[in-house]
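Order of the sequence lines sets the chain letters (A, B, ...), proteins ahead of strands, with each chain counted from 1.
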Number of protein chains: 4
Amino acid sequence: MNDYSFIFLKGSKVLKKTTKPKYKQIIDAAVVVIAENGYHQSQVSRIAKQAGVADGTIYLYFKNKEDILVSLFHEKMGEFIEKIEAEIAGKTSAAEKLLTLVEKHFELLSADHHLAIVTQLELRQSNKELRHRINEVLKGYLRTIETIIQFGKENGEFNPNLDVRLARQMIFGSIDETATTWVMNEQKYDLSALAKDVHALLVNGCGKTRQ
Amino acid sequence: MNDYSFIFLKGSKVLKKTTKPKYKQIIDAAVVVIAENGYHQSQVSRIAKQAGVADGTIYLYFKNKEDILVSLFHEKMGEFIEKIEAEIAGKTSAAEKLLTLVEKHFELLSADHHLAIVTQLELRQSNKELRHRINEVLKGYLRTIETIIQFGKENGEFNPNLDVRLARQMIFGSIDETATTWVMNEQKYDLSALAKDVHALLVNGCGKTRQ
Amino acid sequence: MNDYSFIFLKGSKVLKKTTKPKYKQIIDAAVVVIAENGYHQSQVSRIAKQAGVADGTIYLYFKNKEDILVSLFHEKMGEFIEKIEAEIAGKTSAAEKLLTLVEKHFELLSADHHLAIVTQLELRQSNKELRHRINEVLKGYLRTIETIIQFGKENGEFNPNLDVRLARQMIFGSIDETATTWVMNEQKYDLSALAKDVHALLVNGCGKTRQ
Amino acid sequence: MNDYSFIFLKGSKVLKKTTKPKYKQIIDAAVVVIAENGYHQSQVSRIAKQAGVADGTIYLYFKNKEDILVSLFHEKMGEFIEKIEAEIAGKTSAAEKLLTLVEKHFELLSADHHLAIVTQLELRQSNKELRHRINEVLKGYLRTIETIIQFGKENGEFNPNLDVRLARQMIFGSIDETATTWVMNEQKYDLSALAKDVHALLVNGCGKTRQ
DNA sequence: CATGAATGAGAGTTCATTCAT
DNA sequence: GATGAATGAACTCTCATTCAT
């Protein structure tokens, strides 16, 4: 699990080689510790231990404990959005873009069970101020969704009278609720398999009303 | 606001008269304190003070602090479901039932700003175990939603192939996300006014796919 | 040493009787702990233990650790000044008043070795802000000295051109330096025995210059 | 202010030239940092930064943090005593010697505001053991004062029955208290101007008792 | 039933010092 | 000699819960 540090002998010299910079090392450790022990049982010293550094070292890279969490979300959400946007760019219809988004969203969560627990459950235990900071990060993702909706409205795929904000809340709310339910059920079933059906509901919802 | 305790003079005697049993008194106090100070600033002593009782008295009515929160949710959610089900019963179509549910849901949150903050934001800061217990309470509501969906499938209003669970997640997720966004925006706009549009998205989503 | 709490059996009941209020109990414990371990080795938990209370109890009576120290000084210095002023009041000449002050000052320090260490050495290790607060308390004593000087100037005992402030600094500085030297020498000699000679130096210093 | 390090260009090379040995550089930095930030805010890293060296470098010149302080006092007090003794040597009477000492003492403190703060206030916050070591350094100065008193006793200027130790405590205590009061009043008035009057009080105090 | 003083376990953060480079 | 990233021990204060009255 601690894939970030090796001790090996070369001739008569002991080398300690760290493949990841400590910053990432600590964030990855935080994901594991928070996922396994819960937000409130994740003492700084525990994260430090998991990261294989001293307690004090944490404070060379993060202002305080809360800063670890915001950074964690920033870092991971950043990758998240990046990957999703890259995939979406290649799709031509709003429906396809949305399908890609849902599929990728579920796929990325499925790929990292620890991260799934942290983002769907543990990070929401933070206080109001921290949650506002996390929401700032989230905004990038919400804008991506709104861009798809707008695109769909303009090319005639979606109802032209759609309230973009409400539609975005439906889309994100549905995806998020589905993911949270999956995590609370201990990820027992295949989340990715639900993508198509969830997508159908969403596209249907955004589509033109039948007369 | 503190409608549960009166101090008044009668002759030369000071009487303290409590109209509600202490149990409800404490729960109402908890809603106010948590809404105004946030989950983590809501010490038992603060709730006791707001309720006008001694710290120790809390423990005559609740097992521990967590029990106040679960009871709070139980109590309030109970009323919530009761009121909504009463209204729904009178409606004949699934679409109408769903509209009533969304309208009532938004209306009840709008009517009690403190409760809205507590259920949408503060209670989610609780730990995993507490959240599981809160989810137990929530299940009654989720079942109500599923009953409507099933009804719609059976009477031909909704797509007969609808995955009830996924549809429920879309419906609850959309309503919840809309409510949370409204609370995080400090309840600045009229939530109830959104009910119709949200309902349209949901019904559309559950409806028969256009060929 | 812990003369403040008794446990005794009466019939079949265990009574815990506290003769001093906890506030004083804690202050007295602080004097002992600080004197014996030094200011920086006097953790709150150590003071609590010495006082026979729980750590948390300290915070029912004091805002924080610093508050213990200021309160300690306030309390003890208050008694100090009170006792000295009571004795001085009965004296008719400035020289007598000053002798009483020096004698009493040395006597009170000699009577409480722990307090002597705390006031002469340990309390001076506090930071600038705390020292300013302590100085506020000290001002009462300094004013008492200035009142004696003024009295002596007016009744012709002292040089009428005396700068009251400088004379006060000489008097307090001499007394304080003598006491500090005595404490730093581990109180090995009789401080009170020096009172007469110190007094002679001071009165001589304040007296009319010989032509 | 940072007169100890120059950065200048010579040809195309950047040279860092240090005119003082690092030892003095660090001590001077410590005086500035302690005076400006207070004893407890003067972390080793801060002193290193002010001195323009790495944290680790400090430990090439000083055993530990405490050693910086003792060395600081040693160094500065050494100069102090040297200068004062040089001036005193030229004076013929005890009174004149004492006047020179007081004048010079006040003058030297006035000339270096940072040093004044450090010696009168900040260094006293050190713990008992450090203060004992500082006192060792101070002894040289106290002996100088005692020598003057002895001289005065022997040549008939002072009371032949004078207790040298007590007289020294009065003299040092008065000077020190006057200086400390001046520093605590933020050096707002002219300390040197007080030398004559303080001296008069001291000489008067040591002088022969009037009939 | 009701009180509220007392409890005491628990954790984030700082900073003097080290040592591999 | 010089560096500065890393270390890890140490300590104040909070607050849910108890229990004698």
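- At a threshold of 4.5 Å between non-hydrogen side-chain atoms, the residues C:D28 and C:K76 count as touching.
- Rounding to whole angstrom units, CD1 of residue D:I26 and P of F:dG1 are separated by 11 Å.
- Where B:D55 and A:Q43 each meet DNA chain E at their nearest nucleotide, the meeting point lying more 5' is that of B:D55.
- Looking at every heavy atom in both residues, A:K65 comes nearest to A:Y39 through NZ-O, 4.2 Å.
- Within the 4.0 Å cut-off from OP1 or OP2 of E:dA2, at least one side-chain nitrogen or oxygen of B:K22 is found.
- A:F62 has its CZ atom 15 Å from the P atom of E:dT14, to the nearest Å.
- With F:dG1, E:dA16, F:dG8 as the candidates, the nucleotide lying closest to the side chain of D:L60 is F:dG1.
- Nucleotides F:dT21 and E:dC1 place their C1' atoms 13 Å apart, quoted to the nearest Å.
- The NE2 atom of A:H40 sits 12 Å away from the P atom of F:dA16 (whole-angstrom rounding).
- Rounded to an integer number of Å, the gap from D:I58 CD1 to F:dG1 P is 14 Å.
- Side-chain atoms of C:Q25 come within 3.5 Å of backbone atoms of C:A51 as a donor-acceptor pair (strictly under, hydrogens ignored).
- As rounded to whole Å, 15 Å separates atom C1' of F:dA16 from atom CZ of B:R46.
- Between D:I47 and D:Q43 the shortest side-chain heavy-atom distance does not fall below 4.5 Å.
- Among E:dA16, F:dT3, F:dT12, the nucleotide with an atom closest to any side-chain atom of D:V44 is E:dA16.
- Between D:Y59 and B:G56, the residue anchored closer to the 5' end of DNA chain E is B:G56, taking for each the nucleotide with the nearest heavy atom.
- Among the duplex regions that DNA chain E forms, those built from at least three successive Watson-Crick or G-U pairs under 3.5 Å are E:2-21 with F:2-21, ordered by first number.
- Relative to the ring axis of A:F62, A:K22 does not place its NZ or CZ within 45° and under 6.0 Å from the centre.
- Using a 4.0 Å heavy-atom distance criterion, C:Y61 is classed as a sugar-phosphate-only contact.
- Screening D:I27, D:V118, D:L123 for a side-chain contact (heavy atoms from CB on, under 4.5 Å) with D:F73, the sole residue that qualifies is D:L123.
- Put simply, C:K65 has no side-chain N or O that comes within less than 4.0 Å of OP1 or OP2 on F:dC11.
- The CD1-P distance, from A:I47 to F:dG8, rounds to 18 Å in whole Å.
- Side chain of C:R46 to backbone of C:V33: no donor-acceptor contact under 3.5 angstrom is found.
- Atoms NZ (A:K49) and C1' (F:dT7) sit 16 Å apart, rounded to a whole Å.
- Phosphate proximity of F:dT7 to A:T57: present, with a side-chain N or O under 4.0 Å from OP1 or OP2.
- Rounded to an integer number of Å, the gap from A:D67 CG to E:dT13 P is 10 Å.
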